[in-house]
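Structure first, commentary second.
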Amino acid sequence: MINTNYSSLIMTRNLKKTYQNPAGEIQALKGINLVINQGEFVGIIGRSGAGKSTLINMLAGLDSITSGEVWVENVPIHAKNEDFLANWRGLKIGLIFQNFNLISTLSLLDNVMLPLDFSGQFNAKRSRDLAKKLFDEVGISEHIFKLPSGISGGQQQRTAIVRALINNPAIILADEPTGRLDSVTSESIMHIFEAQVIKGKTIIMVTHDESLIPRFSKVYFMEDGLIFPKNTSDKKLK
Amino acid sequence: MRPSWHKLFSDLFVNPVRTILVVLSITIGLFAVGMITTIHLIIQKDMAEGYAQIVPPNILISVTNIDEDMVKNLVKLDGIASSEGARKFSARIKNIEGDWVKTEITARKSFLSPEIIQLKLIEGSLELSEGEILIDQFKYENVLINEEHHVFIELPSGIIKEIYLAGKSQDQTIGFDTGGGGFFIAPIQGYILMETLPHLEQALTFNQIYLTVTPENGNFNQIQKIANNVLDFLDENEIGVVQTTVHESATHPNSIYVNAISALLLVLGFLIVFLSSFLIINTLSALMQQQIQQVGIMKSLGATKKQIVSLYMILIFFYGMIAFGVALPLSRISAFGMVSFVASRVNFEFLGNRFLLFPILILAVIALIIPQLAGAFPIQHGVRIKVTEALSGFLGQRSAIFGKLALNKLRISRPVLISIRNTFRNRTRLILTLITLTLGGSIFISTFNVQIALKNHTSKIGQYFLADVNLDFNQLYRISKVQNDLKSVDQIDVVEGWAFAPSQIILDNGQAGETVRLVGPPINSEMIKANLLKGRWMQIGDHNAIVLNEVFQTNFPNLDVGDTLQLRVNNEETEWVIIGFFQLAGKSTGYIAYTDFDSLAKMNKSFFHTRIFRIASKYKNLNIYQQKSLANEISTVLRQKGYHVLQVEAGLSLLESTTVGLDIITIFLFVMALLIAIVGSIGLMGAMSLNVIERTRELGVMRAIGASNFTILRSVLFEGLLVGELSWFLSIFLAIPMTKLLCDSLSIALFDAIGLFAFTWKGILIWLGVVTFLSIISSLLPAVNATRLTIREVLAYE
Ligand SMILES: Nc1ncnc2c1ncn2[C@@H]1O[C@H](COP(=O)(O)OP(=O)(O)OP(=O)(O)O)[C@@H](O)[C@H]1O
Ligand SMILES: [Mg+2]
């Protein structure tokens, strides 16, 4: 199988995911075909249970693919083992979750530098400077020695974003990053994302919030395991 | 520092309770193993080496009389390295209660570094002068010492001497010629110079010969052969031999007790390694369970399996090292303490604290390997879980053992239902917890059973000591005269004259071998109820019939009822017909044979006369104080009538001193039971606390939806008790084979035969109490803690 479209960063072909439940099989993804290019800010919108998280997990190599293909930067994700994917994820993907998933026993700074340690890019001085610069950018540099339990949800999510950015990944996958935040805080998170897109990052973000539609460069609707592109009147970021 | 290392240390320190529980469970396992190996390593060694250091005799011969030249001549015999003569005699000494009690006094030329039997000085000086005495440490506390540091000795003639007490010493050879139990029964031991003998109305000749053999003749058979040579030589020179005893240089007279302890240690040690391993596995899997979500996060951030595995392996390594650091010194201190405790009671010398490599190695290996092995499975399991699952934190959702239907129909309240479901939710963990607790419980119960088995055995021995008062004279008295003169003591029911004589087995080659104590109660004596193994007891009409103890069966398996046994009694060869075998206290008692008074008196040529009497009261089951007051009354009456009384003793005190050796094993077992109870308890506490800590969040959710603290505590408590009591129930069954195992190894060490066994509710009930108490404590404490947190804090808890 040869990927001929060299310009596309992420591509899925007839991607399917079936969960085995005590109650029976659940087809969470029923054949997803997706092409995402570098520099896009993609929004995925859909009702609860539509399969949005499942799709993100597939793109990040967090869970096994039932059938179909996922290509990221010409790497066949569907054909790689878990350890390869772990390394690859550390270098190429920044993940952001709705519930932040910070390690509660580590300070914000340590939380953020942890991925560098796993990817082997850790260098005490340089990593620290990099982390501080990123904390500065998201505006929480005064809290970096606190534990996650000592800061607000929005601050935790900003920490998670810094953590996602620390390895300078090409792609950021965010699963409802604003789902637990109020509108003002959500807005600040969106600003951070937009700034990253300008820097050339590709962001795929899942959300319930239809009011965010105008902010994306490309929007997909998901329903019942299928995905539909939506024409966003070709709004381009300035 | 690298962030992953930070994570490691924060795992160690951020949740101190959890860290302490994990480290404690590893530590306690290591401690138990370390203590047991250390004791096992040094106890037998110290006993053997410390004993060899004092240069014990290999051959001890009691004779009627021998002079110094003759003793010196013995060195010329083949294989003899050195010889020394001594004189040993009995007298009475005043004890702190003001009573006259029996003492044995040994007179020697010097106590300053003699060639044979060196005494260890504990207090005072070994450099005795004429008219001074040393007292052995074992019963030293019983001796009355006045302000001038004098002790009071009553001589056979009735004259009382005040003698200066020069010091306290330890003689490891006490009981050399009477078997292991002999040490405990031995009276207060005194040591004087030969020059002092005339002051105490004793002749200036020897009646004891101490001999050592040359090193190349050190094994038992060789020594025996040399001893026979010596006996022939003495025979040629017409020296009357009373008794001969032969031992190897490293065989302490009480070695049997230490061997028994060692045998128990081996079994217990094995079980405890097993128990500790389960404890560690259990704790670590609980720990990993709590880490699953973090594993998920780390994987999502790009951590490979290898990275995560090594992270946790290093964490466990740290736990192991902390535990090692704590357990090693603690186990050393306790082991040395235990050995010195046993040493002072079993009369050997604890050779002191020392560096021991083996326990360090074994602890290091266990500290490194067991936790890693124990951790390997839960870590692998945790790492293998899909990232998405790990992140969601929903795990182990197996179908519960109790289906919804059955329980709902039982109308159990929903919180209780939750407890039951929780208990069985994580089946692997439940099984691990149950195994740990059940093992601990059953070992605990078993040690109690072994204690009871020993106690039963002791009370069986009591059947051989039914007299209320034992009376010894310095000289022979006519039995009927003593019986008559005691008629004035109302309380007395029966007075029996018993005969005792040392004798020697005559071996097939015609030479005299081991010493046999011949005991001759009246043929129809009511003061002994023997526990027969085979054959029958004496009956009226028997002549020269003999009943042998189990030691004969062990060492001469060919002997049987109906055979003839040749014994040398008073230098004469005599023949006896074996009519039965009985069980006494095992190997430690040496060879003992019962015959009837008349048969033995004939050998002793002392018809109708004896020095030893057994007296029974009209009242049954006197306690030791009642017996003592009867003894005093008897003593007063006899003294008034001019008898030369050597000793009047309560019957129970003889039994007590006979069983001291077994009591030490009992104490030892008790300490072990305690240790196991602690291991088991910490296991229980660890497992339960971790279970509850793990559910802190869930408890918070329950509170958030309106559960009262009481409801929560009740449900947690119910869960803890359910597991605790279940393990208790299972441990009762596991205790049966375990008791058998322990009892068998103990009875083989003590009796060379399987025999002990007992099962008692005592241990079971105590363990029930312990388990219940601990279940409550270890589930309530963390639960109370959980209810103290605000709901917000709890929900943020992971
Ligand atoms: N581990 C799983 N096992 C079984 N079924 C699952 C699992 N994860 C998701 N599903 C099912 O797959 C379908 C898609 O779930 P998914 O989590 O992707 O939805 P979603 O669009 O992210 O919903 P939400 O907006 O609520 O987060 C749902 O029907 C869900 O029940
Ligand atoms: Mg979702």
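So that the names make sense, note that chain A is the first sequence line, chain B the second, and so on, each numbered from 1. Everything numeric here is computed off the predicted structure, so don't read it as measured data.
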Rounded distance [0.5 Å steps], CG in A:Asn99 versus CD in B:Gln293: 7.0 Å
With A:Asp63, which residues qualify under salt bridge (Lys or Arg N to Asp or Glu O under 4.0 Å), at least two apart? A:Lys17, B:Lys386
Let me confirm one number: the OG1-CG distance from B:Thr304 to A:Leu85, rounded to the nearest 0.5 Å. 12.0 Å
Expected output: side-chain A:Arg163 to main-chain B:Leu301 donor-acceptor under 3.5 Å: no
Can you tell me how far apart CD1 (B:Ile297) and CG (A:Leu106) are? Round to the nearest 0.5 Å. 9.5 Å
Heavy-atom pair with the smallest gap, counting every atom of B:Ala303 and A:Ala86: O-CB, 3.3 Å
Begin from the C-alpha positions of B:Ser300 and A:Leu62 and carry the test side chain to side chain contact (heavy atoms under 4.5 Å, CB included) through to its verdict. CA-CA 7 Å; B:Ser300 77; A:Leu62 290 177; 4.1 Å; yes
Enter the distance from A:Tyr19:OH to B:Thr388:OG1 here, rounded to the nearest 0.5 Å. 6.0 Å
Could you tell me whether B:Lys299 and A:Glu82 have a side-chain N and a carboxylate O separated by less than 4.0 Å? yes
Hits for salt bridge (Lys or Arg N to Asp or Glu O under 4.0 Å) against A:Lys146, two or more places apart or cross-chain, chain-then-number order -> none
Report, as yes or no, whether the 6.0 Å neighbourhood of atom CZ on B:Phe377 holds more than 12 heavy atoms from other residues, nucleotides or ligands. no
Close side-chain approach of A:Ser104 to B:Gln294, heavy-atom, < 4.5 Å: yes
Taking everything shown except A:Lys201 itself, do over 12 heavy atoms lie less than 6.0 Å from its NZ? yes
Rounding to 0.5 Å, atoms CD (B:Gln307) and CG (A:Asn87) come to a distance of 6.5 Å
Chain B heavy atoms under 4.5 Å from A:Phe97: which part of the residue, side chain, backbone, both or neither? side chain
